[in-house]
Amino acid sequence: MGRTSFSMTASGKVALGVDIGGLKLKNPVMTASGTFGYGIEFSPYMDLNRLGAVVVKGLSLRPRDGNPAPRTIETPCGMLNAIGLQNVGVEAFIDEKLPLLRRFSTRVVANIFGETVREYSEVARRLDGARGVDAVEINISCPNVKKGGMVFGTDPVEASKVVRAVRKATGLHVMTKLSPNVTDIKVMVKAVQDAGTDSISLVNTITGMAVDVEARRAVLATTVGGLSGPAIRPVALRMVWEAAQVARVPIVGVGGIVTARDALEFIIAGATAVQVGTANFLEPDSAVKVIDGIEDYMKRHGIRDVNEIVGSLKTPGPRANPTGSAR
Amino acid sequence: MGRTSFSMTASGKVALGVDIGGLKLKNPVMTASGTFGYGIEFSPYMDLNRLGAVVVKGLSLRPRDGNPAPRTIETPCGMLNAIGLQNVGVEAFIDEKLPLLRRFSTRVVANIFGETVREYSEVARRLDGARGVDAVEINISCPNVKKGGMVFGTDPVEASKVVRAVRKATGLHVMTKLSPNVTDIKVMVKAVQDAGTDSISLVNTITGMAVDVEARRAVLATTVGGLSGPAIRPVALRMVWEAAQVARVPIVGVGGIVTARDALEFIIAGATAVQVGTANFLEPDSAVKVIDGIEDYMKRHGIRDVNEIVGSLKTPGPRANPTGSAR
Amino acid sequence: MSNATVIYNEHVGGPFFRMALRWKGRGFRPGQFVMVRVSGALDPLLRRPFGIYDVLGGRKGIEILYKVVGRGTGMLSELDPGDRVDVLGPLGNGFPMVRDPGSLVMVAGGIGVAPFFWLAKGMAGKGRRPVLLYGARTKEEVRLVRPFRAVGVRVRVTTEDGSVGSRGLVTDLLDRELVEGRTVYACGPLGMLMAVSEAARRRGVKCLVSLERAMACGIGVCLGCAVKTRPHPQEQKHYSMVCSDGPVFASEEIDWDSF
Amino acid sequence: MSNATVIYNEHVGGPFFRMALRWKGRGFRPGQFVMVRVSGALDPLLRRPFGIYDVLGGRKGIEILYKVVGRGTGMLSELDPGDRVDVLGPLGNGFPMVRDPGSLVMVAGGIGVAPFFWLAKGMAGKGRRPVLLYGARTKEEVRLVRPFRAVGVRVRVTTEDGSVGSRGLVTDLLDRELVEGRTVYACGPLGMLMAVSEAARRRGVKCLVSLERAMACGIGVCLGCAVKTRPHPQEQKHYSMVCSDGPVFASEEIDWDSF
Ligand SMILES: Cc1cc2nc3c(=O)[nH]c(=O)nc-3n(C[C@H](O)[C@H](O)[C@H](O)COP(=O)(O)OP(=O)(O)OC[C@H]3O[C@@H](n4cnc5c(N)ncnc54)[C@H](O)[C@@H]3O)c2cc1C
Ligand SMILES: Cc1cc2nc3c(=O)[nH]c(=O)nc-3n(C[C@H](O)[C@H](O)[C@H](O)COP(=O)(O)OP(=O)(O)OC[C@H]3O[C@@H](n4cnc5c(N)ncnc54)[C@H](O)[C@@H]3O)c2cc1C
Ligand SMILES: Cc1cc2nc3c(=O)[nH]c(=O)nc-3n(C[C@H](O)[C@H](O)[C@H](O)COP(=O)(O)O)c2cc1C
Ligand SMILES: Cc1cc2nc3c(=O)[nH]c(=O)nc-3n(C[C@H](O)[C@H](O)[C@H](O)COP(=O)(O)O)c2cc1C
Ligand code: FES
Ligand code: FES
């Protein structure tokens, strides 16, 4: 299928369609896992058909209860969450949620996780035949029970195993979602693309913490949680840019996107698509506003096809301080 | 010298004095390197004698010009900087700045860096005899020219070499400042304490980036820079808490501290002292306000000695999700 | 971004304010809440939840009654008529209507009185009077029940020091009102809710409680506002969401030990 | 935290506002600036720099003239009399006074006119009139020079389309004014400053420019607002700080190629 056949939007003015390694989206804006429920919850607030894709809450083989409360706390321009991956399980998703989502013409990406490589591949296998699922997004920011709780997403070898297993288990598009809690994101990018992922999304949350100083206790029941929201945008953007330098597969940028300007930062830095996360809590229709804003920007700049600006970042000549340690 | 002999503040009510591995401070609040100039610049705005310590701008063997502009950009609840370690050089510091700083009864910590292990130890050696310097703080978030620009602070082996060399070059208190841009801060903590550091400060800035979407260019002349300010506080706090689990030397918490409440989060999580950085740009006397606020808190809670609450964090029983991957 | 306009923002005394918002919300039920975005900036980042205190005539908007406890409510208290905010809602399940107003025992502590006013007003003059048992700690809190008296609610106040109303805890008043056939609706501090819940259980009286939890989304998607519940005694405990499954729960559903 | 009170915040037209602040600053010099904290919240985080437009009688405070270009200035424009902000300053070196007002040629573009008013006012009626050459793009910008005329400054305006004043660039007017013994003070867009600087250099006329850079601290400690300078033609280039070494620099010191 040629690019033009899917890239024209309803407005007919600018081409917003993108192709992330075979997964074709009507526009580059998706909603991030865990911030958009199973999608349907948002239909009172927007036309879900407008979205490039909906990424649903992380699914595991069996339903999961999640962590005790408190699970969230606001931080400066961000929030910490320790939901503990509560979800209905992949079966209930397929039986109860998917039929409702199928009514919309929006791509559905199933975010998946497990505590063993086998669990990951089992969930992927279950989704393989499910009508209405267009892709799986592997959340590797998960405790690896076999490795003493160490996180899959910070070890390139373990991460590759997961990706390879999922790749084998499903014919769906495989997107791998990277954790920012690593020294060198490029190592992870190379590992998962060598393992056969079709695209890479990043970043998941940065591990953080808050203390209730009156009670002298951690605010979150789990002590630490994941930081998301505008606060992390500069870090996410840097990692997306670094990833884009070495990636052979398309990149999906995630982290702190609230406005179209934020989304464009990621696209210009090398992301073919973006995901809007925490911003959905500020305004339920944030993602739609981002789409509209990208369209406005393109018209203003005379850009006919959004693909023209993917990775169009001009960097200055020789960097004075080439390592990124810039203080 | 016994603890009580230095721990009573002017107010005489609560004991604020702390001992960070031999370095005795009248209170646990220092100012962070690069955000407080050479200290003297702030004397119009506050009584420098109030501070636990002043950490001066990073010093190198020879003066450095720093990076081209733009060097800073605001981000949500934070800022990126790419100053490029512009400084007058260790000699000019000793000759021109130190005599002015000596007039104050505040501890002076010289933040130092180099591009080779040798440069680090040379700077430390020069400071060793300098009257008025109480400690060196090693900034290991620096490009290691011998290792192709890789950063000292992300490699435990290279970091140890720097610490060992500095340790040998000076009789001063050696504080080592860790970079947050690592997968596992505990590895770095162990490396630098085994190499003989007297205390550990963390965190330095998190590498981030901003894009000017109108010009489709990186905002900073160096493309990437260091993220600081309230945005990073949850991440810094988590790392301080993790560091405190394995550290045998005292910890100094840095990152996003604006108010006394913020500082107390770090102290309760395990920091014996804190550094106030970016907040100095919001209110030049932020550090003094933090000291006052800690004193108020202690009075309100009937805490006589601030050391009582260092590391007093109560964490909930067994963590539901023990790895820190808490989504 | 901003779909509501401040009509007035009245200082009620102490840390309490009553704000009227012109806003086109629809389909309200008593006990529901709204999520208010207090600033167009990114700090504070998240919306703040507030019970619907009253619905304006002609459904032109709502009133909220709020207590300044932190930055968000502090910023709210500085708004002037004509200023704009963003309101999301109505959200949550709300309190069911009771047939006989006289059978309703509302129990509130402090600012917990807020979600009861519209409910109480709706019942006024429709037969027997409902009762509000109110636990206060300050004279400003006591002032919050005046509007309830004005619409014909039977109000009984306790203060810990006996300076107003009777001396003691609100639960001391409760025993006398726990008559068969009555229903208790409670909102307030956790300790109070637990005590009320326990008292109702002992007397076999139906009790609904309105809970609070830190909320990020308010619409059931972030799964942040979890509370452990057991819908049926035989079922396994699981997490319900205060925002979308509540904020009102049957007290026997709640796993009170999990707090 | 807040040491200044808004006296008025007048919409001058278009994106321009003039705000008076009651504030106990001291030791002002024309051409200096202040750092204003526009919000008590953490977003926007940093202070915003503004030139001192005027100093109020009795030194009770200052006026700033500002253009709404982003979030910080947007929030500033929404402040009402009585609202409080925090002001740090006066900062920077400022313009030196000239002996003969008639020898001063001020060149400004757009909002760049702001730091000249107090200077111009101070010279009014003290001998020959100084001149202000002003490049405008909109009629609202043109309006910004009225107060200069009112205090007796000779004002010459150009607009690109010739709709007001002469047609063309401000540098077209400049040639006629570049007489020996005169001094040029310039503030405005970078392109304009470069052109003015070059014209002055060719004619051997002394030229000072007021520069802008993103600023975090405003007091010379973050080393963020760097600009490449060469204080003496023989010296090596190095970075000066716009906030503490400037904002006013001799134009020949600036390494214009570094922008
Ligand atoms: C369904 C529901 C309905 C509600 N209805 C009402 C109502 O009608 N009226 C009303 O007044 N309130 C109501 N509330 C409560 C109201 O939402 C909160 O008081 C409000 O969100 C507080 O916002 P804030 O920004 O002012 O306080 P915040 O600054 O968010 O802080 C709130 C409190 O928590 C503390 N805190 C903040 N961060 C931390 C931390 N890291 N560690 C420890 N403590 C911390 C603060 O000191 C403060 O005391 C309701 C809540 C819910 C869930
Ligand atoms: C010494 C000095 C004196 C000054 N005097 C005056 C004065 O008297 N009057 C006056 O009006 N102004 C003056 N200025 C300029 C004024 O300080 C700025 O206009 C103001 O700080 C802008 O703040 P803001 O929050 O409104 O804009 P911001 O939101 O900070 O943005 C400013 C501009 O930069 C753009 N921008 C922001 N972030 C990015 C990004 N990531 N990438 C690309 N573009 C971005 C915005 O779109 C906007 O156009 C002075 C500046 C200096 C340095
Ligand atoms: C409440 C919450 C729940 C989340 N749950 C998941 C999840 O189930 N799976 C996953 O891969 N990411 C999850 N995330 C991470 C987001 O998808 C996203 O990567 C992250 O929040 C950064 O983007 P943001 O700053 O736009 O929110 C969650 C984030 C939040 C805030
Ligand atoms: C403008 C700027 C310059 C800095 N320069 C140095 C430096 O020279 N040496 C160093 O170790 N850290 C430097 N830092 C890092 C700070 O000392 C501190 O570790 C960091 O900013 C996090 O703290 P904060 O969030 O309180 O600012 C600099 C930070 C900023 C913002
Ligand atoms: S607040 Fe998000 S689920 Fe309730
Ligand atoms: S703004 Fe910090 S040095 Fe100029």
Side-chain angles (χ1 to χ4, degrees), chain A residues 34 67-68 75-78 80-85 141-143 149-151 154 181-183 205-211 213 216-218 221-227 230-231 233-235 237-238 241 256 261 264-265 268-269 309 312-316 319-327, chain B residues 34 67-68 75-78 80-85 141-143 149-151 154 181-183 204-211 213 216-218 221-227 230-231 233-235 237-238 241 261 264-265 268-269 309 312-316 319-327:
Chain A
N67 290 331
T75 67
C77 291
L80 288 166
N81 90 77
I83 306 304
L85 295 162
S141 306
C142 261
M150 204 265 191
V151 176
T154 58
N181 299 305
V182 296
T183 307
T205 54
I206 307 183
T207 309
M209 175 175 167
V211 169
V213 301
R216 263 170 267 157
R217 199 189 341 245
T222 48
T223 304
V224 301
L227 184 64
R233 197 181 72 224
V235 180
L237 183 64
R238 182 262 301 180
W241 177 72
R261 207 190 70 89
L264 287 160
E265 286 197 77
I268 292 165
I309 57 170
S312 61
L313 186 79
K314 288 167 265 189
T315 47
R319 305 223 326 264
N321 186 339
T323 60
S325 163
R327 284 138 313 262
Chain B
N67 290 330
T75 67
C77 290
L80 288 165
N81 89 77
I83 306 303
L85 294 162
S141 305
C142 263
M150 204 264 190
V151 175
T154 58
N181 300 304
V182 296
T183 307
N204 212 312
T205 54
I206 308 183
T207 309
M209 174 174 167
V211 168
V213 302
R216 263 171 268 158
R217 199 187 343 241
T222 49
T223 304
V224 300
L227 184 65
R233 198 181 71 225
V235 180
L237 184 64
R238 182 263 301 181
W241 177 72
R261 207 190 70 91
L264 287 160
E265 286 196 76
I268 292 165
I309 56 170
S312 61
L313 187 79
K314 289 167 263 187
T315 47
R319 307 225 323 266
N321 187 338
T323 61
S325 165
R327 285 140 311 263

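Chain letters run A, B, ... following the sequence lines, proteins first and then strands; every chain starts at 1. Note: hydrogens, waters and symmetry copies are ignored here, and every other heavy atom, side chains too, is used.
- For A:Thr154, the side-chain hydrogen bond (donor to acceptor under 3.5 Å, both in side chains) test picks out no residue, with sequence neighbours left out.
- A:Thr183 contributes a side-chain N or O that, together with a main-chain N or O of B:Thr183, makes up a donor-acceptor pair within less than 3.5 Å.
- Side-chain N or O atoms of B:Arg238 include one that pairs as donor or acceptor with a backbone N or O of A:Thr207 at under 3.5 Å.
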Criterion side-chain contact (heavy atoms from CB on, under 4.5 Å) on A:Trp241 and B:Val211, from CA distance to verdict: CA-CA 10 Å; A:Trp241 177 72; B:Val211 168; over 6 Å; no
B:Met209/A:Leu313 under side-chain contact (heavy atoms from CB on, under 4.5 Å): CA gap, chis, key distance, verdict: CA-CA 12 Å; B:Met209 174 174 167; A:Leu313 186 79; 3.6 Å; yes
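- Among B:Ala231, B:Ser312, B:Pro234, the residue making the largest number of heavy-atom pairs under 4.5 Å with chain A is B:Pro234.
- Contacts between B:Leu237 and chain A at a heavy-atom distance below 4.5 Å involve backbone atoms as well as side-chain atoms.
- The two residues A:Pro76 and B:Cys77 come nearest to each other via the heavy atoms C-SG, 3.7 Å.
- Contact of B:Ile268 with chain A is made through the side chain alone, with heavy-atom distances under 4.5 Å.
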